[in-house]
Q: 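Let me give you the structure first, and then I'll get to my questions.
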There are 2 protein chains.
Amino acid sequence: MEEKRYLPHIAYDSVIFGFSGNQLKILIMKYHNTGLFALPGGFVKMDEDLNAAVRRGLKERTGLDNIYLEQFYTFGDVARYQSGVMKTILEANGYSVPENHWMLDRFISIAYYALINYDKVVPTPDALSDSCDWYALDKLPPLMQDHRLIVEKALQTLRDNLERKLVGVNLLPPLFTMNELQKVYEAILGEKLRRTTFQRKMLSLNFLQRHDKQYSGKAHKAPYLYSFKQ
Amino acid sequence: MEEKRYLPHIAYDSVIFGFSGNQLKILIMKYHNTGLFALPGGFVKMDEDLNAAVRRGLKERTGLDNIYLEQFYTFGDVARYQSGVMKTILEANGYSVPENHWMLDRFISIAYYALINYDKVVPTPDALSDSCDWYALDKLPPLMQDHRLIVEKALQTLRDNLERKLVGVNLLPPLFTMNELQKVYEAILGEKLRRTTFQRKMLSLNFLQRHDKQYSGKAHKAPYLYSFKQ
DNA sequence: TAGTTATTGTCTCAATTTGTGACAATAATA
DNA sequence: TATTATTGTCACAAATTGAGACAATAACTA
């Protein structure tokens, strides 16, 4: 936490989405000895691109490179600045915090969301936290500061983008069935979709490559596997 | 330009769209004695909400409150920081600039676009610039730093949002004809639209309130005037 | 081995939306 | 009174989407 290395007043927060058990989940950090839950976030080094800083943090939390990442909003209200919270966290970790410590200042935060393959992730806490875990969106713990709002805006943006881009595939492994893709869409949109209409729509977009069938061992017809073209 | 009053490293830029002569235009500042053109922008006071700072700047440049405003991206690459440019501008205005002046630091910039009624605006330069003028999008002067990129991303976002929200009306006066609205859409999308389809679409959205006809003095049927509901 | 079960791929038809042109209505002009 | 330019609306075709039907099939059951 060397003071001079980071841009003051500037932070980022990331809403990292994964898909498991037919549910949309996100990664949440829990800070040492405080009961405080927060989104994974961090600071930008003096000579580092903003996007690079976020990818660096993502790599540390998930072990993954080349993550689908999108910036969606910058939160800049004065009210989000509560120096007491940061002080609590730092002191719970044994730091003695001078009044004018840079981490107690007001921050604006650039928020990103990421879509990753749940199975590939090894959630990893940082120095200040004792866990980094998946939480289903409807079972989030109380989050510190305005992080709840950030999550909601991330989900809203993801929904909006889902209809324009084919981002849903980033939550799945390279090969997936049409039904799995539909479940992802249903989890994101929060509504049931019609099987035939969904399949027709997806295929008409010409972004899916069909592969061999997947024999699941279940007593029914085996579905095709698909991958995302390009 | 009192140093302590602004958050360091943080700026905003605004792409202010207006509609005139069937063209989309934006406001561009020209700095004193430098030949440099730039987007209107500014800094955030220590105790000021980010959005409030942008509205404050908008008010100064246009004279307007209650502007339709949307944040669309935060630019945070290291490469956008060119201390030489800022130094040139400051020195051309007679400031003597110490090496470590806060305005020469690296900045990240939160970019917004605004939609306003062209006729209501009184473009007003700031202390460092000698003009603030409308430029058609296809006749922009060379812009400093990455401002060209910011404009392009603003236009892209505006296009994307046009299909989801009914933002186009913000570029028109309170009462407008269907044809005027169509011209706005065509200017934003950069393509001709079909009259009947456009009219049917707009009316089906149920956001338009029909008023009396507008007698223009032209030799043809007078069109209805519309306003935006709510 | 033949029937059963659950799910899948595909097809069909209806309903809705969009593309395209036609045409009468109308405000000012000649 | 005819002409002109544009508008509001309608009609029909084309395309897309909604909703269900049904045969195909992988594994299980008996």
Side-chain angles (χ1 to χ4, degrees), chain A residues 19 21-22 159-160 162-166 168-169 172-229, chain B residues 19 21-22 159-160 162-166 168-169 172-229:
Chain A
F19 181 72
N22 285 349
R159 280 181 181 159
D160 290 346
L162 193 61
E163 289 157 26
R164 295 183 299 176
K165 320 177 189 180
L166 214 46
V169 293
L172 291 171
L175 288 174
F176 48 86
T177 67
M178 191 60 76
N179 192 39
E180 287 168 339
L181 185 59
Q182 184 177 341
K183 291 284 188 285
V184 166
Y185 272 67
E186 290 176 342
I188 294 175
L189 297 174
E191 59 180 322
K192 273 276 181 193
L193 300 176
R194 205 153 255 283
R195 188 176 61 92
T196 51
T197 310
F198 181 79
Q199 163 136 322
R200 182 170 50 190
K201 185 79 182 170
M202 287 301 120
L203 292 179
S204 76
L205 294 176
N206 264 349
F207 276 113
L208 296 181
Q209 171 81 46
R210 182 177 276 188
H211 298 271
D212 290 340
K213 298 194 169 205
Q214 181 186 51
Y215 295 86
S216 60
K218 299 280 180 59
H220 55 76
K221 200 169 172 178
Y224 287 111
L225 285 173
Y226 293 91
S227 67
F228 183 57
K229 279 187 196 169
Chain B
F19 182 72
N22 284 350
R159 279 182 182 159
D160 290 347
L162 192 62
E163 290 157 25
R164 293 184 299 175
K165 319 178 191 181
L166 214 44
V169 293
L172 291 170
L175 288 174
F176 50 87
T177 67
M178 191 60 77
N179 192 38
E180 288 167 338
L181 185 59
Q182 183 176 340
K183 291 284 188 283
V184 166
Y185 272 67
E186 290 176 342
I188 293 175
L189 297 174
E191 58 181 321
K192 273 275 180 194
L193 299 176
R194 207 153 251 283
R195 187 177 62 94
T196 50
T197 311
F198 181 79
Q199 163 135 322
R200 181 170 49 189
K201 186 76 183 173
M202 286 302 121
L203 292 179
S204 76
L205 294 176
N206 264 349
F207 276 113
L208 296 181
Q209 172 80 46
R210 184 178 274 187
H211 299 270
D212 290 341
K213 297 195 169 204
Q214 181 186 51
Y215 294 88
S216 60
K218 299 282 180 56
H220 55 76
K221 201 169 172 179
Y224 288 110
L225 286 173
Y226 293 90
S227 67
F228 183 57
K229 280 187 196 169

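The analysis underlying the following values was restricted to heavy atoms, covering all of them including side chains, and did not include hydrogens, waters or symmetry mates. Just so we're on the same page: letters track the sequence lines, and every chain starts at 1.
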Q: Please report the distance, rounded to the nearest Å, between CG in Leu181(A) and P in dT8(C).
A: 13 Å
Q: In whole angstroms, how far is the P atom of dT17(D) from the CD atom of Glu163(A)?
A: 12 Å
Q: Any side-chain N or O of Gln199(A) below 4.0 angstrom from OP1/OP2 of dG9(C)?
A: yes
Q: Quickly work out the Phe198(B) CZ to dT9(D) P distance and round it to whole Å.
A: 15 Å
Q: Rounded off to whole Å, could you give me the CE-to-P distance for the Met202(A) and dT10(C) pair?
A: 16 Å
Q: So which atom in Arg159(B) and which in Ile188(B) form the shortest heavy-atom distance, rounded to 0.1 Å?
A: NE-O, 2.7 Å
Q: For Gln209(A), check side-chain contact (heavy atoms from CB on, under 4.5 Å) against everything at least two apart and list the hits.
A: His211(A), Ser227(A), Lys229(A)
Q: Between P on dG9(C) and CG on Leu203(A), what's the gap in Å once rounded to a whole number?
A: 9 Å
Q: Residues in salt bridge (charged side-chain N to carboxylate O under 4.0 Å, His left out) with Lys218(B), at least two apart?
A: none
Q: For Lys201(B) and dT17(C), give me the distance from atom NZ to atom C1', rounded to whole Å.
A: 8 Å
Q: Kindly state which residues belonging to residues 184-192 of chain A come within less than 4.0 angstrom of DNA chain D, counting heavy atoms of the residue only, listed by number.
A: none
Q: Spell out protein contact along nucleotides 18-30 of chain D as letters: B when the base is contacted, S when just the sugar-phosphate is, - when no protein heavy atom is under 4.0 Å; keep the 5' to 3' order.
A: BBBB--BBBB---
Q: Work out which heavy atom in Glu180(B) is nearest to a heavy atom in Phe19(B); give both atom names and the distance.
A: O-CE2, 4.5 Å
Q: Which residues pass the side-chain contact (heavy atoms from CB on, under 4.5 Å) test with Phe198(A), sequence neighbours left out?
A: Met178(A), Leu181(A), Gln182(A), Tyr185(A), Leu193(A), Met202(A)
Q: Can you name the salt bridge (charged side-chain N to carboxylate O under 4.0 Å, His left out) partners of Lys165(A), sequence neighbours left out?
A: Glu70(A)
